[in-house]
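Below: the structure, in structure tokens.
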Amino acid sequence: MTSTVSLPQLAGHPHFHYQNGVLHAEGVALDTLARDLGTPLYVYSRAALQAAYDNYRQAIGERPVLVCFGMKANSNLAVLKEFARMGAGFDIVSGGELKRVLAVGGDPAKVVFSGVGKQEWEMRDALQAGVKCFNVESTAELRRLSRVAQVTGLQARVSLRVNPDVDAHTHPYISTGLKENKFGIAIEEALQAYELAASLPGLKIVGVDCHIGSQLTDISPYFDALDKLIDLIERLAQAGITIEHLDLGGGLGIRYTDEVPPSPKALLDGVFERLKARGHGHLHLVLEPGRSLVGNAGVLLTTVQFLKHNDARNFAIVDAAMNDLLRPTLYQAYHGVAPVVPRQDCPAQIYDVVGPVCESGDWLAKERSLALAEDDVLAVESAGAYGMVMAGNYNTRPRAAEVMVDGSRFHIVRQRETLDDLLRGESTLP
Ligand SMILES: *Cc1c(COP(=O)(O)O)cnc(C)c1O
């Protein structure tokens with residue numbers, strides 16, 4: 001039997017498909033994987049990671065662009081190793097993320113360090129590693145970085161994260177380029193901040209950056225931001241401050257359901273066209289894509305525990321919860337839900353797919369038409385970005401295992417946490 005037209009299509013997931021009525025990641029059947037390794041289980045496709053990176057690489061061609069994977073989206077070492085191997089740099093937001101980059105042999109000279117609250121030890125570690133650039137978000141941070149650079153005797157390469165005050169038309173929690181956000185330096189104050197940076201010892205100005213938001217499905221906010229950054233670069237040049245690179249951050253959206261996000265090629269073509277038109281075609285570009293490199297390279301497998309019906313609703317209570325995948329709870333985010341072995345022996349009903357955690361906000365999907373029975377395995381789609389990295393232990397729930405599929409083989413790239421792991425480090429009073 002081959003897959004029939006009645007099987008659901010997974011939006012945006014070319015490396016996950018039905019074969020003989022069973023959902024596969026590349027050549028690996030996900031029903032057996034779930035039974036052998038247990039659920040909840042994150043499953044990534046190596047080919048999907050490669051394809052997503054290739055999509056950027058092909059769009060770049062010969063142009064001077066560095067892709068720094070926004071690794072807070074998925075920082076599993078196996079994922080990072082794959083990107084490092086393909087030549088990517090990394091956008092880090094903590095000393096912990098730097099440690100992960102170094103652990104997989106990533107090139108520190110391709111690392112940019114973002115974040116509004118960098119501590120001294122994080123600055124020191126990054127200076128000693130020799131990162132490409134600190135993306136600085138305030139004048140207070142400039143002063144701290146200058147002090148740390150002097151103490152270590154190392155020069156800090158800096159870019160100022162400018163807040164261009166553009167509306168990215170995305171969810172408020174993932175929009176970062178508006179005035180009311182905590183991120184970046186207001187564009188009107190940027191020139192002064194650059195002049196301060198130029199006057200402080202231990203700092204070398206190398207760039208300008210911004211990151212206007214996430215899950216952008218409209219390309220125009222990038223160009224609005226770019227126009228403002230080019231204005232700034234020209235004002236800086238008049239003040240005698242020249243820069244080597246322009247960093248436009250991450251933010252390209254992915255398809256969760258029916259979105260049609262802009263492609264890396266559309267973004268890059270548009271950016272270089274504008275740079276050339278204004279005489280800045282020589283500038284090096286940095287991009288920090290996170291979600292668009294990993295989001296649709298992963299699913300979260302979960303098993304139906306109980307079906308529960310009341311007057312108002314049908315609930316599928318599953319073994320994954322908000323502690324495993326926080327996005328629905330945090331952003332009311334939509335994730336597709338697909339049965340791993342679709343059944344024809346019972347009618348579809350409208351279900352809310354919910355976890356066992358004691359919170360009404362603990363849901364993974366609402367009002368989905370599914371034909372279900374107990375013990376069925378479901379794939380929560382588009383779970384490769386901001387999934388496992390946001391997992392926690394609420395309700396003393398061990399964190400899920402992670403698996404990377406490679407052709408017809410798979411590798412456990414993170415062991416399932418044990419209950420003993422959860423109690424380690426705690427103690428009662430003597
Ligand atoms: C989160 C983040 C990224 C990655 O964003 P995506 O929307 O996942 O592409 C890039 N840069 C910075 C500064 C970030 O905070």
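Every number for a ligand or one of its atoms is a count from 1 in the order of the listing.
- Asn323 and Arg397 are linked by a side-chain donor-acceptor pair at a separation below 3.5 angstrom, with hydrogens and angles left out of the test.
- Near Tyr386, meaning under 4.0 Å from any of its heavy atoms, are these atoms of ligand 1: 1 (C), 4 (C), 5 (O), 6 (P), 8 (O).
- Less than 6.0 angstrom separates the ring centroid of His335 from the ring centroid of Tyr256.
- For Ser292, the heavy-atom gap to ligand 1 stays at 4.0 angstrom or more.
- Residue Val43 is tested with Leu300, Val405, Leu37 for a side-chain contact (heavy atoms from CB on, under 4.5 Å); the sole match is Val405.
- Backbone and side-chain nitrogen or oxygen atoms of Gly249 are examined, and none is located within less than 3.5 angstrom of a nitrogen or oxygen of ligand 1.
- Lys118 forms no cation-pi arrangement with Phe134, by the criterion of a distance under 6.0 Å to the ring centre and an angle within 45° of the ring axis.
- Remark: ligand 1 atoms within the under-4.0 Å shell around heavy atoms of Arg161 are 13 (C).
- Of the listed residues (Arg291, Glu288, Met71), the one carrying the non-hydrogen atom nearest atom 11 (N) of ligand 1 is Glu288.
- Residue Pro289 has at least one heavy-atom neighbour below 4.0 Å for each of these atoms of ligand 1: 9 (O).
- Taking only nitrogen or oxygen atoms, main chain and side chain alike, Ser114 does not reach within less than 3.5 Å of ligand 1.
- At a 4.0 Å cut-off, not a single heavy atom of Phe183 sits close enough to ligand 1 to count as contact.
- Stacking of Arg368 on the aromatic ring of Tyr334 is recorded, both the 6.0 Å distance cut-off and the 45° axial limit being met.
- In His211, the part holding a heavy atom less than 4.0 Å from any atom of ligand 1 is the side chain.
- Numbered from 1 in the order shown, with element, the atoms of ligand 1 that lie under 4.0 Å from a heavy atom of Ser214 read 6 (P), 7 (O), 8 (O).
- Between Lys182 and Glu137 there is no salt bridge, since no side-chain nitrogen of the basic residue lies less than 4.0 Å from a carboxylate oxygen of the acidic one.
- Counting only N and O atoms by type, the side chains of Asn296 and Glu381 include no donor and acceptor under 3.5 Å apart.
- Tyr386 does not carry Arg291 over the face of its six-membered ring by the limits of under 6.0 Å from the centre and within 45° of the normal.
- One option in Lys72, Glu137, Gln215 has a heavy atom closer to atom 3 (C) of ligand 1 than any other, and that option is Lys72.
- Backbone and side-chain nitrogen or oxygen atoms of Gly251 are examined, and one is located within less than 3.5 angstrom of a nitrogen or oxygen of ligand 1.
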